[in-house]
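Every chain is numbered from 1 and lettered A, B, ... according to where its sequence line falls, protein lines coming before strand lines.
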Amino acid sequence: MSQPHPLPPIALPGQPLAPSPPYTSSTGTHIHTQNPTSTIITASIAGIPHLHPDMSISITRPSPSSSSSSTSHHRPLLLLPEVTSTVLARVTRLNLRQATVEIFAMQAGAEEMGVCEHTFQGIIRGQDVRATEKDRVKILESFRVGDVISLGDQSNYYLSTASNSLGVVVAHSGGELRVTDAGDPLHPINWRQMACARTGVVEDRKVAKPI
Amino acid sequence: MSRYEILSPEGLRTDGRRWNEMRRFSPKMATTTAADGSSYIEHGNTKVICSVNGPIEPRASSARNSERATITVDVCFAAFSGTDRKKRGKGDKRVLEMQSALSRTFASTLLTILHPRSEVHISLHILSQDGSILATCVNAATLALVDAGVPMTDYVTACTVASYTNPDESDEPLLDMNSAEEMDLPGITLATVGRNDKISLLQLETKVRLERLEGMMAVGIDGCAKIRQLLDRAVRDHGNEMARMGAL
Amino acid sequence: MTDRRRINGPAEGTTPPVFLTSSTHKPVIKRSPTTLRKIFLKTSLTPPATGSAFLELPTPSNPSTPTLKLTASVYGPRPLPSSTTFSPDARLTAELKFSPFSTPGHRRGYIRDGVERDLSAQLSIALEKSVDVGKYPKSAIDVFVSVLDCEGGLGDAGDGNDGGVEVGLMGVVAGAISCASAAIADAGIECFDLVAGGVAGLIRERGGVVEEDHVGEGMEAGEDISGARHGEKKNRGIALVLDPSPTDGYIILAAAAVGYMAARDELTLVWTKGSMGREGDGTDEVERLVDGAIAAATSVRLVINEAVKERLLLGLKEIGLIKEKAGGNDGDIVME
Amino acid sequence: MPISILPPQPAQSRLPPDPDSDHDDEKVTLNEDGDFVRMASSQKRPKAISIVTPGEIVTSDPQWMRGHGTYLLQSKDSTTDGSGSDAEMEDGADTAAVGGSGGGSIVATVAGTVQKVNKLLSVKPLRARYAPEIGDLVVGRIMEVQSKRWKVDINSTLTAHLLLSSINLPGGILRKRTSTDELQIRSFFSEGDLLVAEVQGLFQDGAASLHTRSLKYGKLRNGYFLKVKAGGIVRGKSHIITLEAANGAGEVDVILGVNGYVWVSKKVTLQAPPGGESITRLEEEASEAIYSNVNEDIAPATRREIARIGNCVRAMVSWNVRVDEEVLNAVYLSALELEEMGIDGEGSIGSGVEYLEGEVGRIVVLAGMDRVSSANLRAGGMVE
Amino acid sequence: MAPLQTSQQTGTPLSPAELSYLHTSLTLTPPIRPDSRTPTQFRPLFAESDILPSTNGSARMIWGDGGECIVGVKAEVEKNSISSGGPRDWIETNVEVSGQRDDDAFLGMTVAESLLVPGSGVLERLVLGERFHWKIFVDILLLTPPLSHPATLLTLTTYLALRNTFLPKLVSEAAEDPVFDDDWGNGLPLYPVDRIPPPITLLVVNVGENIFFDPTREELAVGDVVLAVSICEKKVVGVRTLEGGSGGVKREAVKRVIKESCEVAEEVFSSLNGVGEGD
């Protein structure tokens, strides 16, 4: 059994780190019950172990910033969207009751937003957009920041944009009148509307509060 | 195989049968508990085992039809069934053709509107081939469907008839071909529904003179009626056995 | 949604791996039965994959003879096609493919034949139990191993290993398991422990003593293990050989391949060939074989650790987080 | 001997548990409608069993109405063209009350026995999949979870539907369904869960719609699931039987699903909460746990009795004996006796004698039936 | 790879409550199996051999839970050629599972590996003079996929079929083209009684400390590791790990499984031979 307190500088999957009664395991670690009496925390990914003040041990993988090394590009620590993680998604389909989005970046807790390897499909239901019911607007190309509220069914994650900081970040005008002038960028006026700089046309969106 | 051997002057065939005699036909029902309905038929040396699962919820959503049950058939020739070992791939044309012929035949007689949006899956395994394969498959499938309690208007029974040309150019129909006769003579596979001569399958893969067809079909229909009687007997025996066992 | 079936090449191209040139290879020393072949293992070589690794067993005798070279690439966790039923755990699928030029003698086709389907099934059994699938609901983890070169002995036509058991396939599976495990670690997928593959064989001793193995100096990352721990018995008759290679020319009576998780001391795969009975002195041949294979796997595990650590340090150096620790940075991995 | 490999008995030779009828006189001389009289064992009245097969004209008498398993052949003479019977089929055999229109004859569509119930003639097939009827108590397994409902496998033709609105929500009946429930749907039932429910309605295509709106229904825990052939469990008044298990194993619940799914489990008693609060609190606390997947701890003795009872049910169904409380209790007692006697000498637990397949099963069921008939004799003195 | 359905054919998993009940019952000492069998007790088996006259050897077996397997062995004369990969390819096995598109490579290799163990002596009996040899095809047909894992069922049936296989007697000289005695009566058995018999494979699941033979699907679902141990005449001729099980397993458990399999195999061989004489 390695020394309980000073954690090794680098941990590899399966490496025992500390006895579990005093310590608890968090991301990147796993509780392994060797025999009914002793359960230990073992590393489950290769990375640098950290002992957090609340006696929990987590392992973080050094994610080299994308700019410096060409071979391994920027990988988010989080590989899958989890409940309560905020995501950046693009709306792919709209219908009366829900919007289907494609999640392409996510962020868990404090770390910054990481582009994920594979895009996941999510659904924002009507009742999750805002407390008051908003009818759908048929703009395809608008980015939305939402947070994942439940794992949903087979292939979809359920997202909600209820809180103020969530909603449309980047949008393009739909150009109901003529197709030609569609696609100009819109800038937010208030949390409910966005206006097109060129034509001044105002369109309904659930706008995220600009940070 | 010179033609002479097919039918001896006294009218005896290679295996000693007369022109209108059938090979030994021994049907067995409910041979396994793992499927809804099952049957095993030995018609001479042609042995076919059949198991029916249905009507069940179709796994492939393509097989979902809102008013009727869809019938899917799987035919598989065991590699050891022929005289020489031959592994038939799944994409074998002849197998696909048999499968569609069987599902068409049963689609017309099974009461599929009683179980909409479900599927009846028939899986047939040919353990040994000695002529009249398709006919034996039809009989085995019918028996297994009856065992599974799938509603049908009447039994579908099938048999084969060959047409032999005597040295003096006159023709004789031969009932129930074995593999030797099937290879050498033109023949038809014929399936009827119930006792009243309604033909639901007629297959001719070789050339035969038109005027002979009439006679062959007449013999075929009588053959099917005989097989229907044998199948009916098997079902009744099975039913009485279950009654004796107190299962009813 | 990327099309899972067509995986197109990396955008900016890769640098070809540098091989030992023939001039620098060492003088030929015949490998003793309990010395393992040196393993060259490097991770994250194919950028589009979440994790990847390349494994090679350079034979010191002469570089022109075929050696085992295989690459593993891991994609995942990625979304399952919408038709599949919900699964609270990730679905790990493993596929092993011999590239057409890989086997000496006849060229293999592109469609997966029986041998490849069998090895793929064994590979997925070995890896399945090490990955913490509960952490990635509704997703798929795909592992692809392609064998670029192998030492024959696959029971194909032309390599006459008559009488003995072919260990070629076992060597390929063991290499595939170790390489795939390194790729999974490189992908950052959480797992209980890394699985190392090990092979051992029983041979009939040919004429006199099988020379006691001497501790050769370790080259590259591989070390060999001294015979002490495994009590290499010097009895007549049956001898244990670790990491047998088809080119060694042994006639192997029985062989065993294992997938072994060293930290947890657990086996995820056991595969034996050849007939093994009760030996004269009571020890069961099966037990000797399994223990031998586990010993081989334990030392392979050290190689995997080194490779994963190497990539980690590279990452740290880049973001300047390297800690200048006094005791160097050879993390002390304790294996019960 | 751990393994016994027997030559396959031809299906016919599995002798029925009829001690009193000797077998040779039962050689059946088959006349056209296959009628023969069979001396049933003592309880059942001797009754004529007539088997009909598909295509057989059951009757041409117009006063009979057509039920399941038959179709109407509108025939003046025997040879009608095929389309005639098809046309007739549009109304489908389910709508039983088609008047026996003149000249038509009722023809069987399945092989089975003719059931004549005051003017309604139907044919019950020898073997068929379970057809759900309203009010049936069934055990089912969740196959698929959709946004507002579950698809449940109940061994019938189509998977049944269980709507989110027709289940008990944790926290008592008063709780109104909120939209978050849809998100937490998997916390109630998820794939693979077993439940006992009641058929509350049938859809147009015959699929069942279930509900679990009562305390006796819900998720199943603390026990073992076994599947018997669908016809084995006959619709009776009570499908949840509680047996007093021997060897101090406590009470065991046996849930006999009409669809042939059986669940044998330790009786889950609503322990009164320590504080002895009011009934609603108790009921409230109970309903919190109805969706938990955690079993209570079950003593090995109880597990052994659960296994034994499971074997008894399986043996009774394979020997076509009607499974109800009285007979099950009798067969269970005779199984216990069997173990004490130790049929092949060693009575040790591990003798495997409790495995009631094949011959051993028949002996146990036979002994159970004798026990019941003797009890009836003592009780009523009148064999009925 | 044989698909191990965790519940009915549709592969829905068992419920967590069932799994935990079964796991605790099976890890007790003495263990309690759901159908109260002893750990080494098999479910009843029905078997018959020589059912297909058009084959050199055949057998059929019906398993406790309704699974059915038919094996046909056919022999063909084949010219020796260097390219044909030596004697290892003289016996070809193929496992066909009804309802599955392609044949099952994993099960096929398991059977082939244990059949072609060096020293089994069967290959010598296939030689026909200097230029020809018998090519044996062992075709295994799993009719209704059994609810539990098919490994044991198909190897027991293969054992019976191989025991029932007869090859026509060679009457021609070594150098000439092979000519056979056409009296089927005095054909030579492929596995004569006095020589090494064909192997069988026992499927064993290890749950906690206990080991169970002939496991049902529920027992497989809660097992730690599932091993297929092939045994022939007190020698272990092949061990394979199968899909299933929830984690790795200690080496002692693997050794114990192999040891116990040898003992049980003895009784299985004797009862199998009983079927041979039966008809």
E:Thr201 vs E:Val111 side-chain heavy atoms within contact, under 4.5 Å: no

Who among B:Asp130, B:Asn45, B:Ile49 has the most heavy-atom pairs with chain E under 4.5 Å? B:Ile49

Given heavy-atom pairs under 4.5 angstrom as the criterion, report whether the side chain, backbone, both or neither of B:Ser81 touches chain E. backbone

Under 4.5 Å to a heavy atom of chain E? For B:Asp84 that would be both

So, the side chain of E:Arg43 versus the backbone of E:Trp63: is there a donor-acceptor pair under 3.5 Å, distance only? no

Toward chain B, the part of E:Asn56 with a non-hydrogen atom under 4.5 Å: neither

Could you check which of B:Thr33, B:Asp74, B:Thr32 has the highest count of heavy-atom pairs closer than 4.5 Å to chain E? B:Thr32

If you round to the nearest 0.5 Å, how far is CD of E:Glu124 from CH2 of E:Trp90? 9.0 Å

Side-chain contact, heavy-atom cut-off 4.5 Å: E:Ile136 with E:Leu167? yes

B:Arg85 and E:Asp139 ion-paired at < 4.0 Å: yes

